[in-house]
Colleague: 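I am attaching a structure below and will ask some questions about it afterwards.
Model, not experiment: these values are computed from the prediction.
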Amino acid sequence: MSNSSAAPADKPKGVVGSLAHGLNIIMAFSKAHPRMTLSQVSEKTGMDRAGARRYLLTLVHLGFVVQDGRLFQLTPKVLELGYSYLSSVPLTDKAQYYLDRIRDQTGFPVALGVRDELYVVHLASANSDEFNSPGLTIGRRFPIAYASAGRCILAMMEKAEREALLKDIKLVPMSDMSVATISALNKQLQIIRKQGYALVDQEMQTGIRSLAVPVFNARGQIAASFNTFTFSNLVPAAQLISDALPVMQAAAEELQATLI
């Protein structure tokens, strides 16, 4: 287990390790671990207990974490960090009109996704009451190789950037239908690039089928993607494509015209 006070040998000059440790603690909390003891935080972050305790108490003092006996959990103040990002990205404001339009015209929930290293994260969404399923949640991150939004973005990247990224991806199949090799993933990416959209059928979760289209900026570079999902036993793939794809593609083209 690493010592929290020891700086990594390859840490770039000028990087503040204490800030990195504090952010790592915040990111250690999740849906599966909303409340943790000091020992759990230490284990999940790789810090020693003394270091983890100092950072936790600092976050408590700053109002980002609250302590209840032996348990620690995040406070709503953490949302300010995400809001600072969202409010600085014009894409989210511009996209909401199109997300609402896609939802209203198709009845499907839809989200805007962007790449975050080896993940795709939802920045905005428009959920539908017609589907008895969890909504597309803003801020939620998914593996870029298995989410339709992420796979769509991967496929539309410049070749050199995509190949460099694929070298860092470690595939961990999420269902019996998930691709399990980089070679198989590459074949899927070639299909997506040729057809202009990504259809991921039960690879993220059994019974869930998702569809994504690329959103390019004014220079023709991939900026984001629109994605939707449905239950595979309720909506056949052909129906999802016929009902949602034209509307999503039209919205993506119109959004591109507003971007710089």
Side-chain angles (χ1 to χ4, degrees), residues 10 12 15 27 82 85-86 88-99 102 110-125 136 138-174 178-201 203-204 209-229 240-241 244-260:
D10 59 348
V15 170
M27 291 188 292
Y85 170 74
L86 290 175
S88 69
V89 181
L91 177 62
T92 57
D93 289 335
K94 292 180 177 180
Q96 193 61 54
Y97 165 79
Y98 299 101
L99 293 168
I102 294 169
V110 61
L112 175 78
V114 299
R115 183 171 78 88
D116 178 16
E117 297 182 344
L118 300 182
Y119 295 86
V120 63
V121 60
H122 291 158
L123 296 188
S125 65
L136 293 166
I138 295 174
R140 190 169 180 188
R141 300 162 79 238
F142 302 92
I144 196 170
Y146 289 120
S148 62
R151 196 171 288 183
C152 188
I153 291 172
L154 264 178
M156 301 302 171
M157 285 179 179
E158 293 296 329
K159 182 179 180 181
E161 184 181 10
R162 180 173 60 254
E163 291 180 347
L165 194 62
L166 287 173
K167 292 179 181 179
D168 293 330
I169 292 177
K170 302 294 187 291
L171 293 178
V172 180
M174 304 181 73
S178 300
V179 296
T181 66
I182 294 297
S183 175
L185 175 60
N186 250 323
K187 290 180 180 178
Q188 288 296 317
L189 297 178
Q190 292 172 17
I191 293 172
I192 293 166
R193 192 172 181 88
K194 182 177 181 180
Q195 68 189 12
Y197 65 88
L199 181 70
V200 175
D201 197 353
E203 292 190 50
M204 274 282 297
R209 176 178 292 132
S210 62
L211 174 71
V213 301
V215 175
F216 298 98
N217 61 25
R219 297 179 297 280
Q221 301 165 325
I222 186 67
S225 65
F226 285 143
N227 72 284
T228 186
F229 77 101
L240 179 62
I241 291 172
L245 182 60
V247 178
M248 294 171 68
Q249 288 178 325
E253 289 178 7
E254 290 184 35
L255 176 57
Q256 178 183 357
T258 73
L259 302 178
I260 60 175

Colleague: Do Ile144 and Arg115 come close enough that some side-chain heavy atom pair is under 4.5 Å?
Modeller: yes
Colleague: Start with the C-alpha gap between Val110 and Asn227, add the side-chain angles, then the distance that decides, and say whether side chain to side chain contact (heavy atoms under 4.5 Å, CB included) holds.
Modeller: CA-CA 6 Å; Val110 61; Asn227 72 284; over 6 Å; no
Colleague: How about Phe216: does its CZ atom have over 12 heavy atoms from other parts shown lying under 6.0 Å from it?
Modeller: yes
Colleague: Which value, rounded to the nearest 0.5 Å, describes the distance between Gln195 atom CD and Leu245 atom CG?
Modeller: 8.5 Å
Colleague: When the side chains of residues 153-167 are checked against the rest of the protein, which donor-acceptor pairs come out under 3.5 Å, sequence neighbours left out?
Modeller:
| from | atom 1 | to | atom 2 | distance (Å) |
| --- | --- | --- | --- | --- |
| Arg162 | NH1 | Ala155 | O | 3.3 |
| Arg162 | NH1 | Met157 | O | 2.8 |

Colleague: Closest approach of Phe142 and Ala147, non-hydrogen atoms and distance?
Modeller: CB-CB, 3.7 Å
Colleague: Would you list the atom pairs, donor with acceptor, under 3.5 Å between side chains in residues 178-185 and any protein atom, with sequence neighbours excluded?
Modeller:
| from | atom 1 | to | atom 2 | distance (Å) |
| --- | --- | --- | --- | --- |
| Ser178 | OG | Met174 | N | 3.0 |
| Ser178 | OG | Ser175 | N | 3.0 |
| Ser178 | OG | Ser175 | O | 3.3 |
| Ser178 | OG | Ser175 | OG | 3.4 |
| Ser178 | OG | Glu203 | O | 2.6 |
| Thr181 | OG1 | Ala184 | N | 3.1 |

Colleague: Within a strict 4.5 Å, meaning less than it, do heavy atoms of the Phe226 and Leu255 side chains meet?
Modeller: yes
Colleague: For Lys94 and Leu259, indicate whether the former's side chain and the latter's backbone hold a donor-acceptor pair under 3.5 Å.
Modeller: no
Colleague: Go through the structure and list residues passing side chain to side chain donor-acceptor pair (under 3.5 Å) with Gln221, not counting sequence neighbours.
Modeller: Asn217, Arg219
Colleague: Could you check if a side-chain atom of Val200 sits within less than 4.5 angstrom of a side-chain atom of Phe229, using non-hydrogen atoms only?
Modeller: no
Colleague: Could you measure the distance from the OG1 atom of Thr258 to the OH atom of Tyr98? Nearest 0.5 Å is fine.
Modeller: 5.5 Å
Colleague: Quick one: closest heavy-atom pair of Ala124 and Gln96, and the distance?
Modeller: CB-OE1, 3.6 Å
Colleague: Does Arg141 use its side chain to pair, donor to acceptor, with the backbone of Val121 at less than 3.5 Å?
Modeller: no
Colleague: If every non-hydrogen atom of Met204 is compared with every non-hydrogen atom of Pro143, which pair is closest and at what distance?
Modeller: SD-CD, 4.3 Å
Colleague: Check step by step if side chain to side chain contact (heavy atoms under 4.5 Å, CB included) holds for Val114 and Leu91.
Modeller: CA-CA 10 Å; Val114 299; Leu91 177 62; 4.3 Å; yes
Colleague: In sequence, state the C-alpha distance, the side-chain angles, and the governing distance for Ile102 and Thr228, and then conclude on side chain to side chain contact (heavy atoms under 4.5 Å, CB included).
Modeller: CA-CA 9 Å; Ile102 294 169; Thr228 186; over 6 Å; no
Colleague: Are any non-hydrogen side-chain atoms of Pro214 and Cys152 less than 4.5 angstrom apart?
Modeller: yes
Colleague: Can you tell me how far apart CG (Leu112) and OG (Ser125) are? Round to the nearest 0.5 Å.
Modeller: 9.5 Å
Colleague: Could you tell me the separation between the NZ atom of Lys187 and the CD1 atom of Ile192, rounded to the nearest 0.5 Å?
Modeller: 14.5 Å
Colleague: How long is the straight-line distance from OH of Tyr197 back to CD of Gln249, given to the nearest 0.5 Å?
Modeller: 8.5 Å
Colleague: If you apply the rule side chain to side chain contact (heavy atoms under 4.5 Å, CB included), what do you find for Leu240 with Arg209, and how did you get there?
Modeller: CA-CA 9 Å; Leu240 179 62; Arg209 176 178 292 132; 4.0 Å; yes
Colleague: Within this structure, what is the CG-CG distance for the pair Leu99 and Leu123, rounded to the nearest 0.5 Å?
Modeller: 10.0 Å
